[in-house]
Amino acid sequence: MKLLELNNVSIDYQQGTQKIRAVDDVSMYLNQGEFLGIAGESGCGKTTLAMSIPKLLPAAASISSGSIDFAGERISDFSEAQLNQIRWKDIAVVFQGALNSLNPVQKIVDQIIEPIMIHEPGISEKTASNRAVELLEQVGIPGSRAEMYPFEFSGGMKQRVMIAMALACKPKLVIADEPITALDVMTQAQIMDLFRVLAKDFELSLIMISHDLSVLAELCDRVQVMYAGKVAEVGQSQTVFGSQVGAKHRYTQQLLKSYPNIHQERIFIEGIAGYPPDLAKVQAGCRFAPRCDLAIDKCFTQEPALIQIGNDHQVACHLVPGDSK
Amino acid sequence: MTIEAIESKSPKTMRLLWQDPLGRLGLILTGFVFAMAVVGPMVFPFDSGQVGKDASSILQAPSSGLLLGTDELGRDVFRQFLMGSRISLVVGLMATLISTVIGASVGILGGYFRGKTDSILMSITDFFLVVPQMPLMIAMGAIFGQNLSIIILIIGLLSWPRTARIIRSQTLSLRERAFIVRAKSLGSTNLRIIRIHVIPHVLPMLISNTILVVAGAILAEATLAFIGLGDPNWISWGSMLHFAFSTGAVGRGAWWYFMPPGVGILLVVLAFTLLGHSFDRIKNPHGGTSS
Amino acid sequence: MKTLPSKVLRLVISIFAVCTFNFFLFHLIPGDPIRLIARAQKLSPEAVAKMRKDFGLDGTLVEQYFVYLKNLLHGDLGFSFSLKENVSSVVFRALSNTFLLLTVSTLIVVLAGIAIGVYSGSRYGTKKDSSIVLTSLILWSLPTFWVGMLLVFTFGVWFGILQISGITTPNAIYGSYLEYVADIANHLVLPTLTLAIVDIAFFITVTRTSLVEVLNEDFMLTARGKGLGRRAIIWRHGVRNALLPVLTASALYISALVAGAIQVEVVYSWPGMGLLMYNSVLSRDYPVLEACFLISSVVVLTANFLSDLLYRFLDPRVEAGQ
């Protein structure tokens with residue numbers, strides 16, 4: 001069952017007198033209980049796209065077209081008051097860089113209780129506080145530390161706190177924006193295990209944003225690769241990362257080649273030459289064409305549409321033949 | 001040094017200042033005040049001996065000949081006003097010069113050499129920062145006399161601590177940077193490093209701070225003069241207000257006497273404040289001088 | 001250097017330093033002060049000799065210094081010849097009047113200033129914000145004593161409705177304590193207003209700047225994400241964090257507050273420390289002037305110390321020596 005559906009969503013940023021389209025006509029969906037990973041370089045629009053769901057965009061950004069449906073309701077039409085009702089309660093966010101995402105002068109337990117008290121008005125503070133401590137223990141933080149302040153926690157622990165806090169109101173959807181990027185590898189592994197356990201316990205649906213494909217490959221059922229504000233490729237993780245079908249978009253292929261594989265023989269790592277395009281000066285045709293080594297003339301004039309090429313596998317590339325209609 | 005600083009401002013900075021609405025207002029006001037101070041007393045000289053002929057000429061309202069009326073001695077207020085602009089400005093600028101030289105030196109030396117030098121310098125600086133300025137100025141004014149030079153010295157000597165603190169933290173942040181260490185390892189003397197690396201780096205903040213100090217110095221002079229500690233031989237806007245107040249001009253409703261000097265002080269202080277804040281915003285986009 | 005006992009020690013050392021500085025400053029008076037006073041007050045030779053002995057001015061400078069310190073510890077600040085009573089009683093009476101004035105005006109300035117600063121900062125970039133910023137700059141550029149003169153003229157002379165002089169109406173007879181309080185309150189209005197007009201700019205500016213910085217922090221987005229209402233976001237998360245730098249900045253404010261108070265007391269003849277200083281300058285009554293400077297310095301030092309304590313109490317990061 002589709003929990004979340006975005007149709008032809010475009011998001012624009014107002015920079016002075018210029019309007020920059022950070023997300024261009026993107027459609028995507030998320031099934032209940034599913035883990036979706038959104039990957040791409042910095043500036044490809046993945047954070048903007050995800051943050052548009054609970055409408056946590058900066059003032060300069062706005063959804064200029066398209067619709068967002070969540071649990072059967074068109075939340076893109078919601079007023080601020082209506083959005084405040086579903087924020088955290090139905091859709092919670094684990095923010096990027098937990099270093100500064102916690103209020104430095106508020107105790108941890110109070111920060112977790114805060115959304116509970118707002119979204120469950122009848123509840124007593126004692127009950128809420130018990131739940132908070134339980135959540136902390138579930139993410140591996142001893143309850144005795146609940147009365148402490150953020151500065152008394154390490155980076156990894158703060159990230160766990162953010163996760164516990166996100167689950168405070170038992171949301172249907174959790175959006176995690178680069179949740180483990182700032183952590184060391186050992187802690188990364190621990191947090192990933194944590195996500196797996198919690199997903200089962202809380203029956204979560206998760207959107208995880210990362211530029212690290214290996215993380216998404218391990219954790220997510222489906223993955224969506226974005227480039228310059230558009231979807232390049234989307235499909236089941238096994239399909240895209242597996243060896244049977246594999247990635248079909250040149251960008252995804254190049255991205256995967258950028259990661260050394262410990263099992264294969266040593267190869268020379270090629271990055272992807274060039275830089276992501278300036279979204280203020282978007283050129284005609286496929287956005288990846290200037291950096292693509294397989295580009296043909298058509299790629300520079302006509303923008304490729306996202307077409308189905310297999311069971312739950314879509315690619316936007318002229319070189320990939322579509323599913324026979 | 002303020003004059004040199006103004007001259008050394010690149011045309012680009014001037015243009016940026018002009019583009020900022022507050023900066024533009026500051027430039028216009030400053031220009032106007034300087035023009036008034038330089039040209040005014042030349043065109044309309046003031047003779048303090050030219051008192052009114054009889055009782056009827058005292059505290060007269062403005063008329064065609066007397067743009068701002070007369071004071072309690074029947075003297076032309078307009079000419080006093082122009083003279084006052086000059087003194088207020090001169091005292092402000094000179095006191096700031098002293099304050100900046102001392103403050104910058106203390107700040108750079110403390111921030112660059114650190115250790116014992118810094119501890120001693122900062123103890124002195126902090127002492128003067130915590131002691132309330134005005135009572136100290138009043139005490140010193142009362143003790144050392146009411147001479148214009150002494151007043152300039154007093155104001156200068158009590159304004160440098162704030163500058164010292166700001167320049168010191170700037171110097172400290174610079175010292176951490178690699179190129180200082182590199183320069184030293186190449187055998188540069190401390191003096192050379194300070195001259196070539198430190199001073200250019202702290203200059204933008206020093207300039208914006210200096211401009212703001214001028215504003216404070218002018219206010220300080222006005223306050224001291226109002227309290228009666230001004231130099232009786234010179235007319236400043238503060239001393240005009242002192243006489244206006246103590247001879248009851250306020251009670252008599254002689255607005256032409258007590259309003260213009262106050263407006264003058266307001267405009268000059270505002271001019272430098274706007275200029276200083278605008279300059280600060282242009283040159284130091286990441287954090288600036290404290291207000 | 002961050003523990004409480006070390007801070008108390010620093011306070012004591014600072015006070016000691018101020019006393020010493022005070023002593024040496026007032027002994028730089030050119031000319032023999034006794035002779036100046038004697039001439040001004042027309043004293044007899046016996047009185048002069050006694051004064052010399054009382055002031056301890058009959059010994060070396062170092063001896064005088066220790067006599068001075070000893071007297072201070074006993075609360076003896078000398079004798080005022082222009083007012084003909086002990087300096088201590090004069091000063092402390094004046095001090096309580098100044099406290100009254102400053103307490104009332106500071107309350108208004110802090111509360112209103114912070115409120116306006118929050119209002120302005122939460123509307124950063126809007127026209128309302130810009131006009132408040134400009135107004136603050138103008139207010140801060142005003143000479144406090146001139147504002148006083150304008151208000152005296154407008155309300156005292158022109159409209160003739162408010163009190164412009166002193167703390168109570170001379171020769172007034174009060175039917176009850178309430179009438180006495182009302183009379184003082186009546187006299188308090190203009191001086192407080194004068195101080196507030198200029199000083200409020202400081203708190204508006206500092207609060208606004210601090211809030212704007214805090215609003216850009218990541219945890220503000222977290223607050224938004226939780227579905228909190230705008231007011232809760234700004235006050236519980238924004239202002240709560242923004243007030244800490246404001247408290248730090250208020251240490252600078254105290255110095256400006258003292259300067260403002262002196263000017264206001266002179267303009268309104270408010271019988272506080274400021275007026276006392278002013279009069280003692282006119283009459284060259286150095287013992288009083290010296291005591292005023294000393295006491296005001298000690299009060300400011302103590303106020304700074306207390307605000308520092310308050311900060312440590314409010315910011316959980318400081319306690320742990322962060």
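Just so we're on the same page: letters track the sequence lines, and every chain starts at 1.
When the candidates B:G238, B:G141, B:G253, B:P21 are compared by the number of heavy-atom contacts under 4.5 Å with chain C, B:G253 comes out ahead. Per-residue heavy-atom pair counts under 4.5 Å with chain B were compared for C:L289, C:I262, C:I254, and the maximum is reached by C:I262. For chain C, the option among B:M259, B:M137, B:Q133, B:M140 with the highest count of heavy-atom pairs below 4.5 Å is B:M259. Between chain C and the residues B:V130, B:L136, B:V131, the most heavy-atom pairs under 4.5 angstrom are made by B:L136.
Both the backbone and the side chain of B:L241 have a heavy atom closer than 4.5 Å to some heavy atom of chain C. Of the two parts of B:A215, neither the backbone nor the side chain holds a non-hydrogen atom closer than 4.5 Å to a non-hydrogen atom of chain C. Using a 4.5 Å cut-off between heavy atoms, B:V268 makes no contact with chain C at all. Contacts of B:I218 with chain C are absent, with no heavy-atom separation under 4.5 Å from either backbone or side chain. For C:V267, the parts lying near chain B are the backbone and the side chain together; criterion is any non-hydrogen pair under 4.5 Å. Heavy atoms of B:F127 lying under 4.5 Å from chain C belong exclusively to its side chain. Residue contact with chain B, scored on non-hydrogen atoms closer than 4.5 Å, involves the side chain of C:V300 exclusively. When heavy atoms are compared at a cutoff of 4.5 Å, C:V18 approaches chain B by way of both its backbone and its side chain. Of the two parts of B:L270, the backbone and the side chain both hold a non-hydrogen atom closer than 4.5 Å to a non-hydrogen atom of chain C. Neither the backbone nor the side chain of C:L257 has a heavy atom closer than 4.5 Å to any heavy atom of chain B. For B:L267, no part lies near chain C; criterion is any non-hydrogen pair under 4.5 Å. With a threshold of 4.5 angstrom between heavy atoms, B:T223 approaches chain C through its backbone and through its side chain.
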Taking it one step at a time, do B:F245 and C:F145 satisfy ring pair (Phe, Tyr, Trp, His ring centres under 6.0 Å)? CA-CA 10 Å; B:F245 182 70; C:F145 62 88; 9.1 Å; no
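In this pair, C:F293 and C:F26 present their aromatic rings tilted. The plane angle is within the 30 to 60° band. Ring orientation note: the planes of C:Y68 and C:F23 are tilted relative to one another, at an angle of 30° to 60°. Under the 30°/60° scheme for interplanar angles, the aromatic rings of C:F21 and B:F128 are found to stand perpendicular.
Distance alone, capped at 3.5 Å, is enough to place a donor-acceptor pair between the B:Q146 side chain and the B:G228 backbone. Under the 3.5 Å distance criterion, the side-chain polar atoms of B:R24 are matched with a main-chain donor or acceptor of B:W18.
In this structure, the side chains of B:V250 and B:W255 stay at 4.5 Å or more apart for every pair of heavy atoms. Side-chain atoms of C:L139 and C:D199, non-hydrogen and from C-beta on, never get closer than 4.5 Å to each other.
When the shell of 6.0 Å around CZ of B:R252 is examined, it contains 12 or fewer heavy atoms from other residues, nucleotides or ligands.
Separating the CD1 atom in B:I138 from the OG atom in C:S280 is a distance of 8.5 Å, to the nearest 0.5 Å.
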